[in-house]
Engineer: 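Got a structure here, written out as structure tokens. Questions coming.
It should be emphasised that the depicted structure is a prediction, and the values quoted were computed from it without experimental measurement. To find a chain, count down the sequence lines: A is the first, B the second, and so on, and within it residues start at 1.
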Amino acid sequence: MLPPRRPLPRRFFARDTVTVARELVGCTLWAAAGGRTCAGRIVESEAYLDERDPASHAARGRTERNAVMFGPAAVVYVYLIYGLHYCLNLVTEAEGRAGAVLVRALEPLVGLESMRERCGSARDAGLCAGPGRLCRALGIDLAWNGLPLGDRTSRPVQPDRDVRVWVAAGRAPARLAAGPRVGIRHAAARPFRFCDADSASLSRRPVAEGF
DNA sequence: GAACCGATTGCCT
DNA sequence: GGCAATCGGTTCG
């Protein structure tokens, strides 16, 4: 049985970033590239705020890289990390206030053949377990930055390449875990990471503390 | 400008 | 568990 496909409205994203991050767990992320459509259930997310959040790219104001975080909600923010991986974020909040949710892991649902092809050897449950792996599995790169969410709002990234990405409803987790964000030093205590505690596709296990 | 480090991953011991 | 890969933003001189 196929997962829900109808896109969530922009107003879902134009809210408090922590609320959006929490409610995204269980939703379905769709991504189409080069005529191949993939989807997965979001099982792990993290909230990144504005100047109030030292761990956020927006902590020190607007730059060329983080500009989309300050724009309208329901837009994709993609950036290069460690010089070799991409991270997918979904912009939140009203226009003018920075905010985004990092999508850290998916349970693969649709297009597993394409994911396997892009990722090489990995168990199916681990194809999208981690922000970098997820982008690789779905074919997401810097060219997607600034793309509005939607199943019709495609953008010809290159003459022969057309991409689209959106989020649909899904199956809410039975046990939603919250805890500190992964791999950050500043504001490390804030419980801005959310995940489905029972998923086999997390980037890492929830730590006992705070769950 | 140079040095340092990051919202990561995969391969090494 | 340790560490290299590899680039851009930030900080410091």
Engineer: How long is the straight-line distance from CG of L29(A) back to CD1 of I42(A), given to the nearest 0.5 Å?
Structural biologist: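 If we round to the nearest 0.5 Å, I42(A):CD1 and L29(A):CG are 5.0 Å apart.
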Engineer: For R175(A), check side-chain hydrogen bond (donor to acceptor under 3.5 Å, both in side chains) against everything at least two apart and list the hits.
Structural biologist: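 For R175(A) the side-chain hydrogen bond (donor to acceptor under 3.5 Å, both in side chains) partners, ignoring immediate neighbours, are D198(A).
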Engineer: Passes salt bridge (Lys or Arg N to Asp or Glu O under 4.0 Å), D16(A) versus R22(A)? Steps please.
Structural biologist: CA-CA 10 Å; D16(A) 167 72; R22(A) 187 190 308 116; 5.9 Å; no
Engineer: How do L80(A) and L134(A) order along DNA chain B: which one's closest nucleotide is nearer the 5' end?
Structural biologist: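 Closer to the 5' end of DNA chain B: L80(A).
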Engineer: Rounded to the nearest 0.5 Å, how far does SG of C119(A) lie from CZ of R136(A)?
Structural biologist: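 SG of C119(A) is found 5.5 Å from CZ of R136(A).
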Engineer: Answer whether the closest heavy-atom distance between the side chains of S56(A) and M69(A) falls below 4.5 Å.
Structural biologist: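 S56(A) vs M69(A): side chains touch.
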Engineer: Identify whether W30(A) and V43(A) are in the same connected component of the hydrophobic contact network (ILVMFWY, side-chain heavy atoms under 4.5 Å).
Structural biologist: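 Per the 4.5 Å side-chain linkage, W30(A) and V43(A) are not co-clustered.
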Engineer: So do the side chains of T28(A) and V110(A) get within less than 4.5 Å of each other, counting heavy atoms only?
Structural biologist: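 Side chain of T28(A) against side chain of V110(A), heavy atoms only: no contact under 4.5 Å found.
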Engineer: Show me the dot-bracket string of DNA chain C, counting Watson-Crick or G-U pairs under 3.5 Å, with | for pairs to another strand and [ ] for crossing ones.
Structural biologist: |||||.||||||.
Engineer: Evaluate the criterion ring-ring contact (aromatic ring centres under 6.0 Å, His included) for residue pair Y79(A) and H57(A); output intermediate values, then yes/no.
Structural biologist: CA-CA 10 Å; Y79(A) 64 88; H57(A) 284 177; 4.4 Å; yes
Engineer: Between R41(A) and D196(A), does a salt bridge (Lys or Arg N to Asp or Glu O under 4.0 Å) hold up when you go through it step by step?
Structural biologist: CA-CA 10 Å; R41(A) 179 171 173 267; D196(A) 180 338; 2.9 Å; yes
Engineer: 5' to 3' on DNA chain C, which nucleotides open and close the contacts with chain A (atom under 4.0 Å from a heavy atom)?
Structural biologist: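 Going 5' to 3' along DNA chain C, contacts run dA5(C) to dT11(C).
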Engineer: Could you work out the separation of dC5(B) and dC3(C) based on their C1' atoms and round it to a whole Å?
Structural biologist: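 Roughly 15 Å separates the two C1' atoms.
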Engineer: To the nearest 0.5 Å, how far apart are CD in E51(A) and CZ in R60(A)?
Structural biologist: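 One gets 11.0 Å once the value is rounded to the nearest 0.5 Å.
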Engineer: Report the nucleotide, chosen from dA7(B), dT8(B), dG10(B), that has the shortest atom-to-atom distance to any side-chain atom of S56(A).
Structural biologist: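 My answer, after comparing the listed nucleotides, is dA7(B).
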Engineer: Within the 4.0 Å heavy-atom criterion, would you say S203(A) contacts the bases, only the backbone, or no part of the nucleic acid?
Structural biologist: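 The residue S203(A) makes no contact with any strand.
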Engineer: Does anything in residues 85-114 of chain A form a ring-ring contact (aromatic ring centres under 6.0 Å, His included)? List the pairs, not counting sequence neighbours.
Structural biologist: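 Those involving residues 85-114 of chain A do not exist here.
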Engineer: Check DNA chain B against residues 83-109 of chain A and give the residues with a non-hydrogen atom under 4.0 Å, in numerical order.
Structural biologist: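 Close to the strand are H85(A), N89(A), L102(A), R104(A).
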Engineer: Is the phosphate of dG10(B) approached by R133(A) (side-chain N or O, under 4.0 Å from OP1 or OP2)?
Structural biologist: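 Checking R133(A) against dG10(B): at least one side-chain N or O falls below 4.0 Å of OP1 or OP2.
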Engineer: Determine, stepwise, if the pair E113(A) / R36(A) fulfils salt bridge (Lys or Arg N to Asp or Glu O under 4.0 Å).
Structural biologist: CA-CA 10 Å; E113(A) 285 301 327; R36(A) 298 187 292 180; over 6 Å; no
Engineer: Can you tell me how far P in dC12(B) sits from the matching atom in dT6(C), rounded to whole Å?
Structural biologist: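 Rounded to whole Å, the distance is 15 Å.
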Engineer: Does a salt bridge link R15(A) with E93(A), judged by any charged N lying under 4.0 Å from a carboxylate O?
Structural biologist: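 So R15(A) does not pair with E93(A) through a salt bridge.
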Engineer: Looking at residues 44-54 of chain A, who's got a heavy atom less than 4.0 Å off DNA chain B?
Structural biologist: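 Result for residues 44-54 of chain A: Y48(A), sorted by number.
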